[in-house]
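In this text, all values refer to a predicted model and were calculated from it rather than measured experimentally. FYI, side chains are in, hydrogens and waters are out, and symmetry mates aren't considered; it's all heavy atoms of this structure.
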Amino acid sequence: AQDCGCVASRSIAAMEGKAALPVPNYARRYPLLCGTMFLAGAAFEVVLIKTGFYNVYGVNAGQAKADEADKEEAFWMGVAERRMKRQAEVQIFDDPNVKPE
């Protein structure tokens with residue numbers, strides 16, 4: 001590829017002098033970044049607490065769990081009923097004249 005002389009055609013690594021990109025100082029910026037993220041997270045938690053998000057979420061989760069327990073209980077009650085019915089159908093009696101209760 002030919003060098004047209006434009007900035008886009010030059011490699012960033014080849015830039016020198018005033019055109020060179022400054023080397024970032026991560027050791028100085030990292031604590032500032034951590035502090036900023038901590039404050040942003042704390043502010044977000046305050047908003048969630050003040051709006052009642054956790055209370056609403058807890059109630060909804062509890063209702064969903066209770067509904068699931070009701071469905072499961074109804075399922076097992078149906079299983080027990082079918083088992084009793086099937087057991088009554090296949091029960092063998094010694095006296096053929098005696099009917100099941």
Side-chain angles (χ1 to χ4, degrees):
Q2 260 184 325
D3 186 16
C4 66
C6 62
V7 175
S9 68
R10 288 188 241 154
S11 171
I12 292 177
M15 292 185 172
E16 298 174 354
K18 291 183 179 180
L21 295 173
V23 177
N25 186 357
Y26 293 114
R28 188 176 58 110
R29 290 184 182 178
Y30 188 69
L32 180 64
L33 176 67
C34 289
T36 303
M37 299 308 331
F38 177 79
L39 291 176
F44 187 65
E45 286 295 325
V46 166
V47 168
L48 290 177
I49 291 169
K50 291 292 183 183
T51 59
F53 172 79
Y54 291 122
N55 295 335
V56 171
Y57 180 78
V59 168
N60 290 343
Q63 286 176 346
K65 193 171 183 180
D67 290 343
E68 183 66 30
D70 288 344
K71 287 179 184 177
E72 188 170 343
E73 184 179 348
F75 170 76
W76 286 113
M77 291 296 287
V79 168
E81 288 175 11
R82 289 191 299 274
R83 188 175 291 152
M84 295 286 282
K85 186 178 176 183
R86 204 171 296 135
Q87 185 179 7
E89 289 175 357
V90 296
Q91 190 173 8
I92 300 173
F93 294 98
D94 292 335
D95 189 1
N97 296 325
V98 176
K99 294 184 179 180
E101 297 173 12

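Hydrophobic clustering keeps Val56 apart from Leu48 (ILVMFWY residues linked when any side-chain heavy atoms are closer than 4.5 Å, directly or through intermediates). Under the 4.5 Å side-chain heavy-atom criterion for Ile, Leu, Val, Met, Phe, Trp and Tyr, Met77 and Met84 are members of distinct hydrophobic clusters.
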* CA sep, side-chain torsions, deciding dist, call: Met37, Leu33, side-chain contact (heavy atoms from CB on, under 4.5 Å) -> CA-CA 6 Å; Met37 299 308 331; Leu33 176 67; 4.1 Å; yes

* Please assess Cys34 against Phe38 for the test side-chain contact (heavy atoms from CB on, under 4.5 Å), listing each intermediate value before the final yes or no. => CA-CA 6 Å; Cys34 289; Phe38 177 79; over 6 Å; no

* For the pair Val79 and Trp76, evaluate side-chain contact (heavy atoms from CB on, under 4.5 Å) and give the outcome as yes or no after the intermediate values. => CA-CA 5 Å; Val79 168; Trp76 286 113; 4.0 Å; yes

* Please assess Thr36 against Leu32 for the test side-chain contact (heavy atoms from CB on, under 4.5 Å), listing each intermediate value before the final yes or no. => CA-CA 6 Å; Thr36 303; Leu32 180 64; 4.3 Å; yes

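Interatomic distance, CD of Glu68 versus CD of Glu72, reported as 6.5 Å (0.5 Å rounding). With rounding to the nearest 0.5 Å, the separation of OH in Tyr54 from CD1 in Ile49 is 6.5 Å.
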